[in-house]
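Since we're looking at a predicted model, the values are computed, not measured. Values below: all heavy atoms of this structure, side chains included; hydrogens, waters and symmetry mates excluded. Lettering of chains follows the sequences in order, A, B, ..., and the numbering in each one begins at 1.
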Amino acid sequence: MKERLRAPKGFQDVIPPKTFIWQHIEDRARKIFKNYGFHEIRVPVVEHTDVFVRSIGENTDIVEKEMYTFNDRAGRSLTLRPEGTASVVRCYVQNGLYTMPAPQRYFYTGPMFRYERPQKGRFRQFYQIGAEAFGVDAPYIDAEILCMLNDFLSDIGLDGLNCEINSIGCNKCRPGYRQALKAYLLSGLDGYCEDCRRRYDINPLRVLDCKVPSCIEASSDAPVITDYLCDDCSAHFRKLRKYLDSMEIKYELNPRLVRGLDYYTGTTFEITTVHPGSQNAVVAGGRYDKLVEEFGGPSAPAVGFAIGMERLVELVSDMDIVKEPGPGLFLICLNEEYRLTGIRILRKLRFSGLWCEMGFGASSLRSQLKKADRAGARYVFIIGEDEIKAGRIKYRRLSNGEEGYLPLDDYENMARLISDERI
RNA sequence: GUGAGCGUAGCUCAACUGGUCAGAGCACUGGACUGUGGCUCCAGGGGUUGGGGGUUCAAGUCCCCUCGCUCACCCCA
């Protein structure tokens with residue numbers, strides 16, 4: 001046998017019935033996000049490499065070793081997007097969307113690419129549903145976004161989720177905290193793991209969410225960011241919590257919640273699942289009040305999030321709450337000649353919006369009924385010698401065996417019947 | 001990049017310490033039932049046991065290499 005071709009490592013097919021779950025989740029997100037005034041935008045999958053380097057940060061793992069970067073034929077450095085926010089901000093600035101009344105709210109969905117070692121809940125091509133709100137710094141919009149996420153996740157029936165929030169401060173207050181933290185860590189640096197000693201130089205805040213028990217122990221009374229917030233950040237965070245309380249949205253404060261991307265400021269949040277698997281973050285997001293300026297736009301605060309589709313799909317699949325439907329009709333023609341009548345009926349019914357299938361072979365009624373049953377059809381129509389002679393079609397409802405007849409050209413009532421309406 | 005585990009039919013998996021072990025279930029196709037499905041029974045197709053090399057009288061089983069998959073670390077959705 002020839003060697004079979006397979007998708008590249010970390011790239012996967014989504015095939016039925018799984019596709020049905022994807023569609024369900026996307027449909028619900030579209031519906032609910034719309035209720036909150038978010039409009040869909042579609043941005044390219046490829047950007048100039050600089051878009052990501054300047055937003056995500058030069059010294060992050062994503063930029064340093066995870067990007068699919070290549071030169072096009074004219075020698076430009078392009079990159080398959082590793083995340084969505086940078087592209088959306090670029091789009092916002094390029095199209096002058098800041099001239100529209102604030103807030104401007106957008107959502108997007110599509111594949112992201114990172115060259116990582118695949119594992120459970122992590123792929124090289126993975127899908128995100130993301131949303132971004134521009135032009136408003138009021139904490140109300142942070143709360144609104146968390147509320148929207150809450151609606152969405154409970155709408156698709158998920159439980160076992162925790163929402164954690166934090167504020168990582170702004171340009172004014174974070175440096176002070178960073179310094180205090182480094183001073184604290186330095187005093188006992190030998191007690192930390194190798195990774196943490198490395199983190200100390202690169203991103204000391206990361207030490208706080210190390211999983212090694214001894215590190216957790218050693219950093220247990222480290223200074224917390226929330227004690228170092230400036231008045232503005234502190235007030236913003238306090239107000240956000242008030243809004244969440246008022247909307248009865250559950251959350252936990254996690255002063256150790258750090259985001260990996262450089263552009264975050266102020267509010268950050270993460271929604272994690274309690275289900276097994278080490279990739280437990282299903283949603284993550286926060287504020288990025290300076291990024292629009294960095295991209296050459298005006299001063300425009302913003303806040304957004306990204307949902308990991310594969311992780312969500314896995315949780316929804318585990319719950320077995322989405323059922324795959326079957327066709328409304330399975331048409332059986334008992335010989336090739338009757339098929340000429342059959343396909344005419346099929347065309348009409350499909351055009352009227354119904355999912356209809358037909359048996360292709362000239363096999364026995366028995367075997368075709370078996371096919372109809374396995375396809376999960378609601379009704380079977382039979383065209384055979386008796387029916388053609390009498391100018392009518394025989395229908396059978398598979399769930400209860402109820403049978404009857406309709407004129408061969410009475411498409412309207414056929415459609416009603418299949419739709420389970422009264423005829 | 002680091003570490004561990006695993007590759008047998010389309011899918012899920014059997015085959016005692018190397019000795020008819022190349023099998024079962026599901027799925028698919030057909031039949032029993034010639035115009036009535038779901039249940040049951042029967043039959044059929046489909047695998048050079050991921051690939052290569054080695055040890056042995058004998059390898060799916062042991063050793064080496066390679067490719068692939070999975071999980072974890074790093075990091076992240």
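In this pair, A:Phe33 and A:Phe107 present their aromatic rings perpendicular. The plane angle is above 60°, beyond the 30 to 60° band.
A heavy atom closer than 4.0 Å to some atom of RNA chain B occurs in A:Phe126, A:Gln128, these being the qualifying members of residues 125-133 of chain A. Taking every heavy atom of residues 50-62 of chain A and every atom of RNA chain B, pairs under 4.0 Å involve A:Asp61, by number.
The side-chain contact (heavy atoms from CB on, under 4.5 Å) search around A:Lys182 returns A:Tyr200, A:Pro204, not counting sequence neighbours. In this structure A:Glu116 satisfies the salt bridge (charged side-chain N to carboxylate O under 4.0 Å, His left out) test together with A:Arg122, sequence neighbours excluded. Judged as a side-chain contact (heavy atoms from CB on, under 4.5 Å), and not counting sequence neighbours, the contacts of A:Glu293 are A:Lys290, A:Ser299. With sequence neighbours excluded, the residues forming a side-chain contact (heavy atoms from CB on, under 4.5 Å) with A:Asp409 are A:Pro407, A:Tyr411, listed by chain and number. Partners of A:Arg311 under the salt bridge (charged side-chain N to carboxylate O under 4.0 Å, His left out) rule, at least two apart in sequence or in another chain, do not exist in this structure. Partners of A:Tyr228 according to the side-chain contact (heavy atoms from CB on, under 4.5 Å) rule, which considers only residues two or more places apart in sequence or in another chain, are A:Tyr177, A:Ala180, A:Pro223. Partners of A:Tyr140 under the ring pair (Phe, Tyr, Trp, His ring centres under 6.0 Å) rule, at least two apart in sequence or in another chain, are A:Tyr243.
If you measure from atom CG of A:Asp386 to atom P of B:rU34, you get 15 Å, rounded to the nearest angstrom. When the P atom of B:rG35 is taken as reference, atom NZ of A:Lys389 falls 14 Å away, rounded to whole Å. Between the C1' atom of B:rA77 and the CZ atom of A:Arg81 lies a distance of 13 Å, rounded to the nearest Å. One can place CD of A:Glu64 at 17 Å from P of B:rC74, the figure rounded to the nearest angstrom. Rounded to a whole Å, the OH atom of A:Tyr115 is 19 Å from the P atom of B:rC75. The distance from atom CZ of A:Phe305 to atom C1' of B:rA77 is 12 Å, rounded to the nearest whole Å. Atom-to-atom, NZ of A:Lys65 to P of B:rC75 comes out at 8 Å; the value is rounded to the nearest Å. Here the P atom of nucleotide B:rC69 and the CZ atom of A:Phe11 are 12 Å apart, to the nearest Å.
Atoms OG1 and NZ, on A:Thr60 and A:Lys65 in that order, are 10.0 Å from each other to the nearest 0.5 Å. Between A:Leu312 atom CG and A:Glu26 atom CD the span is 10.5 Å, to the nearest 0.5 Å. For the atom pair CD1 (A:Ile41) and OG1 (A:Thr109), the distance works out to 11.5 Å, reported to the nearest 0.5 Å. Taking CG of A:Leu417 as the start and CZ of A:Arg397 as the end, the distance is 8.5 Å to the nearest 0.5 Å. Rounding to the nearest 0.5 angstrom, the gap separating the CZ atom in A:Arg344 from the CG atom in A:Leu349 is 12.0 Å.
When the side-chain nitrogen and oxygen atoms of A:Arg6 are compared with OP1 and OP2 of B:rG50, none of them lie within a distance under 4.0 Å.
B:rC62 and B:rG47: their C1' atoms are spaced 23 Å apart (whole Å). With C1' as the reference atom, B:rU8 and B:rA59 are 14 Å apart, rounded to whole Å. Remark: the separation of the P atoms in B:rU55 and B:rC16 is 25 Å, to the nearest Å. Nucleotides B:rG18 and B:rA58 have their P atoms positioned 16 Å apart, rounded to a whole Å. Rounded to the nearest Å, the gap between the P atom of B:rG5 and that of B:rA24 is 32 Å. Taking the P atom of each, B:rG68 and B:rG51 are spaced 15 Å apart, rounded to whole Å. A gap of 28 Å separates the C1' atoms of B:rG53 and B:rA14, to the nearest Å. Rounded to a whole angstrom, the distance from the C1' atom of B:rC21 to that of B:rC28 is 25 Å.
Nucleotides of RNA chain B nearest to A:Arg198 and A:Glu270 differ in position, and the one nearer the 5' end is that of A:Arg198. Map A:Ala7 and A:Ser367 each onto its nearest nucleotide of RNA chain B; the residue landing nearer the 5' end is A:Ser367.
For RNA chain B, if you chain together Watson-Crick or G-U pairs that step i with j, i+1 with j-1 and so on, the runs of at least three with distances under 3.5 Å are B:1-7 with B:67-73, B:10-13 with B:23-26, B:28-32 with B:40-44, B:50-54 with B:62-66.
Counting non-hydrogen atoms under 4.0 angstrom, A:Val380 reaches nothing in the nucleic acid. If you check every strand for non-hydrogen atoms under 4.0 Å, A:Ala372 touches nothing.
A:Arg347 CZ: 12 or fewer foreign heavy atoms inside a 6.0 Å radius.
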Grab the N/O contacts between the protein and nucleotides 71-73 of chain B below 3.5 Å, and write none if there aren't any.
residue : atom : partner  : partner atom : Å
B:rC71  : OP2  : A:Lys120 : N            : 3.1
B:rA72  : OP1  : A:Ser278 : N            : 3.1
B:rA72  : OP2  : A:Gln119 : NE2          : 3.2
B:rA72  : OP2  : A:Lys120 : N            : 3.3
B:rC73  : OP1  : A:Lys211 : NZ           : 3.4
B:rC73  : OP2  : A:Ser278 : OG           : 2.9

Can you name the atoms? Protein N/O to nucleotides 36-40 of chain B N/O, anything below 3.5 Å, with the distance.
residue : atom : partner  : partner atom : Å
B:rU36  : O2   : A:Arg396 : NE           : 3.2
B:rU36  : O2   : A:Arg396 : NH1          : 3.0
B:rU36  : O2   : A:Glu403 : OE2          : 3.3
B:rU36  : N3   : A:Glu403 : OE2          : 2.8
B:rU36  : O4   : A:Lys394 : NZ           : 2.2
B:rG37  : OP1  : A:Arg366 : NH1          : 2.5
B:rG37  : OP1  : A:Arg366 : NH2          : 2.9
B:rG37  : N7   : A:Arg396 : NH2          : 2.9
B:rG37  : O6   : A:Arg396 : NH2          : 2.8
B:rG37  : O6   : A:Leu398 : O            : 3.3
B:rG37  : N1   : A:Leu398 : O            : 2.2
B:rG37  : N2   : A:Asp373 : OD1          : 3.0
B:rG37  : N2   : A:Leu398 : O            : 3.0
B:rG37  : N3   : A:Asp373 : OD1          : 3.4
B:rG38  : O4'  : A:Asp373 : OD2          : 2.9

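Between A:Tyr68 and A:Tyr115, the gap from one ring centroid to the other is short of 6.0 Å.
A salt bridge is defined here as a Lys NZ or Arg NE, NH1 or NH2 lying under 4.0 Å from an Asp or Glu carboxylate O, and A:Arg198 with A:Glu194 fails to meet this definition.
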Where do A:Glu294 and A:Arg54 land on the salt bridge (charged side-chain N to carboxylate O under 4.0 Å, His left out) test, with the steps shown first? CA-CA 8 Å; A:Glu294 296 273 325; A:Arg54 280 165 55 182; 6.0 Å; no

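For the residue pair A:Glu164/A:Thr272, the side-chain donor-acceptor check at 3.5 Å is not satisfied.
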